[in-house]
J.: 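Dumping the structure here so I can ask a few things about it.
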2 protein chains.
Amino acid sequence: MFFLKELPTRLMIEGYAAKHASLDADAVEDALGLMRRASLMVRRLEAYFAEHGLSQLRFLVLIVIDREPHRDGLSVGEITDRLDVSKPVMTRTVAHLVESGLIAVEADPNDARGKVVRLTPAGRAKLAEVLPEYFVLLSALGRREPDTGEEA
Amino acid sequence: MFFLKELPTRLMIEGYAAKHASLDADAVEDALGLMRRASLMVRRLEAYFAEHGLSQLRFLVLIVIDREPHRDGLSVGEITDRLDVSKPVMTRTVAHLVESGLIAVEADPNDARGKVVRLTPAGRAKLAEVLPEYFVLLSALGRREPDTGEEA
DNA sequence: CTCATGTAGTTATCATGGTAACAATAGGAA
DNA sequence: TTCCTATTGTTACCATGATAACTACATGAG
């Protein structure tokens, strides 16, 4: 998240760019603008997921499992690989999703250390409930000047 | 933060775009790519700040005070206004910066509820130490294909 | 087989974001 | 002046990211 509301003016950046060679004022401006825009998008999406009892990460876990229907479930580690978060966060997130009944976890028959994570019917239903508007939201946010009602 | 490493393929998005009108596949792709890029940038910057005993937010507090040299310090609320975080987070952040000696806080002579926050010489020195490379980093991150060594 | 090493996932603890509810003060209406 | 209401900042507590260190099991060298 990037919290600065008023980004540095072009002038301030160029002041720095003048003093330090190898500094591309356009790139600096892009980077700041990008982080600010993305932060607002992420907030908007988190709010949307919260309305559906999810979070961005919990949603992505469901997506990632659903995205590989040829596999009969994924291990916790495989999910972690696809979503760069730390292992403990994934442990907690999986536990949460199991409690909500959106995924089911079984012991891996081939490896007593491992677990196999699968979507439950409720999990698939939740995806179906959330996905369409998710894409609509992304579509709106992706357009320039998204006008999401943020920032006075 | 947006954690998905492998973004949905063009094909998957268009599959959805076909089913739901008012869905702009380009915009969806842009939004996802933007959030992913920004997340990696923010991580990179946080790592940089951590090397200097700061965090993104603590740094921005210093910046925001420094940016208004005509004012003799800002109130906690004014800082909060410029950085959209919640008030309790700002209370904690200000306390942290006072402990590190980078800012000093006094009672507001005109309002017994308020506080005036000012940079200390150490705070100004910290900014001078951190700012140049911050802009260099932003400049590098802002260019396309930043090649920051992330993601195998 | 046995043991050293590696891997899967968890636990403990911290950092840092949020909301709700509060105390203390300010400031205007009566 | 006396209250009612708004504002400043804090406290208490929760959510969710991280790292370090752990348990339990796997696996290959000997």
Side-chain angles (χ1 to χ4, degrees), chain A residues 1-4 35 38-40 42-51 53-61 73-100 103 105-117 150, chain B residues 1-5 35 38-40 42-47 49-51 53-61 73-100 103 105-117 150:
Chain A
M1 296 296 245
F2 182 72
F3 301 109
L4 190 63
M35 288 191 295
S39 293
L40 295 175
V42 168
R43 272 199 188 172
R44 183 70 193 79
L45 290 176
E46 288 290 9
Y48 172 63
F49 288 125
E51 286 169 23
L54 288 177
S55 69
Q56 178 115 219
L57 180 57
R58 297 205 281 278
F59 168 74
L60 290 174
V61 168
L74 296 181
S75 73
V76 174
E78 285 170 330
I79 299 171
T80 307
D81 289 342
R82 286 157 180 69
L83 296 175
D84 82 71
V85 291
S86 60
K87 290 191 296 176
V89 168
M90 192 50 67
T91 293
R92 193 203 289 148
T93 303
V94 163
H96 192 138
L97 286 167
V98 168
E99 272 172 51
S100 346
I103 62 178
V105 167
E106 260 182 72
D108 183 333
N110 304 315
D111 185 337
R113 295 167 305 178
K115 294 178 161 186
V116 182
V117 182
E150 312 255 9
Chain B
M1 297 296 245
F2 182 71
F3 300 109
L4 191 61
K5 284 183 183 168
M35 288 190 296
S39 293
L40 296 175
V42 169
R43 274 199 186 169
R44 182 70 193 79
L45 289 176
E46 288 291 8
F49 287 125
E51 287 169 23
L54 288 176
S55 69
Q56 177 114 223
L57 180 57
R58 295 204 284 278
F59 168 74
L60 289 175
V61 169
L74 296 182
S75 73
V76 174
E78 284 169 331
I79 299 171
T80 307
D81 289 341
R82 287 156 180 68
L83 296 175
D84 81 70
V85 292
S86 61
K87 289 190 296 177
V89 167
M90 192 50 67
T91 293
R92 193 205 288 148
T93 303
V94 163
H96 192 138
L97 285 167
V98 168
E99 272 174 49
S100 348
I103 63 177
V105 167
E106 260 182 73
D108 184 334
N110 305 315
D111 186 337
R113 294 167 306 179
K115 295 178 161 187
V116 183
V117 182
E150 311 254 9

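Proteins get letters first, then strands, A, B, ... in listed order; numbering begins at 1 in each.
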J.: Grab the CD-C1' distance between B/E99 and C/dA15 for me, whole Å please.
T.: 14 Å

J.: Between D/dT16 atom P and B/F3 atom CZ, what is the distance in whole Å?
T.: 11 Å

J.: Less than 4.5 Å apart, side chain to side chain, heavy atoms only: is that true for B/L74 and B/V116?
T.: no

J.: Does B/K115 reach the side chain of B/S75, with side-chain heavy atoms less than 4.5 Å apart?
T.: no

J.: Given that B/A112 and B/L54 both sit by DNA chain C, which one's nearest nucleotide is further toward the 5' end?
T.: B/L54

J.: So do A/L60 and B/F2 actually touch side chain to side chain, heavy atoms under 4.5 Å?
T.: yes

J.: May I ask you to verify if any side-chain N or O of A/R58 is less than 4.0 angstrom from the OP1 or OP2 atom of D/dT16?
T.: yes

J.: Considering heavy-atom distances to DNA chain D, does A/E46 or A/D111 have its closest nucleotide positioned more toward the 5' end?
T.: A/E46

J.: Check nucleotides 10-14 of chain D for protein N or O atoms closer than 3.5 Å to its own N or O atoms and list the pairs.
T.:
residue : atom : partner : partner atom : Å
D/dT10  : OP1  : B/K115  : NZ           : 2.6
D/dT10  : OP2  : B/T91   : OG1          : 2.6

J.: Could you tell me if the side chain of A/V42 sits less than 4.5 Å from the side chain of B/M1, heavy atoms only?
T.: no

J.: Is there a side-chain contact between B/V76 and B/I79 in this structure, where contact means two heavy atoms from C-beta onward sitting under 4.5 Å apart?
T.: no

J.: OP1, OP2 of C/dG18 versus side-chain N and O of B/S86: anything below 4.0 Å?
T.: yes

J.: Identify which nucleotide among D/dG17, C/dG18, C/dT25 has an atom closest to any side-chain atom of A/V89, counting heavy atoms from C-beta outward.
T.: D/dG17

J.: Taking the minimum atom-to-atom distance to the side chain of A/H96, which one of D/dT16, C/dT19, D/dA18 wins?
T.: D/dT16

J.: Rounded to the Å, how far apart are A/E78 CD and C/dT7 P?
T.: 15 Å

J.: Taking CZ from B/F49 and P from C/dA15, how many angstroms apart are they, rounded to a whole number?
T.: 19 Å

J.: Indicate, with a heavy-atom threshold strictly under 4.0 Å, whether A/D108 touches base, sugar-phosphate, or nothing.
T.: nothing

J.: Separation of A/R113 atom CZ from C/dG6 atom P, in whole Å?
T.: 13 Å

J.: Find the distance B/I79:CD1 to D/dG9:C1' and express it as a whole number of Å.
T.: 12 Å

J.: Which value, rounded to the nearest 0.5 Å, describes the distance between A/E78 atom CD and A/L83 atom CG?
T.: 12.0 Å

J.: Ion pair present between B/K87 and B/D81, side-chain N to carboxylate O less than 4.0 angstrom?
T.: no

J.: Tell me the interatomic distance from B/N110, atom CG, to D/dT7, atom P, rounded to whole angstroms.
T.: 18 Å

J.: I need the CD-C1' distance between B/Q56 and D/dG17, as an integer number of Å.
T.: 15 Å

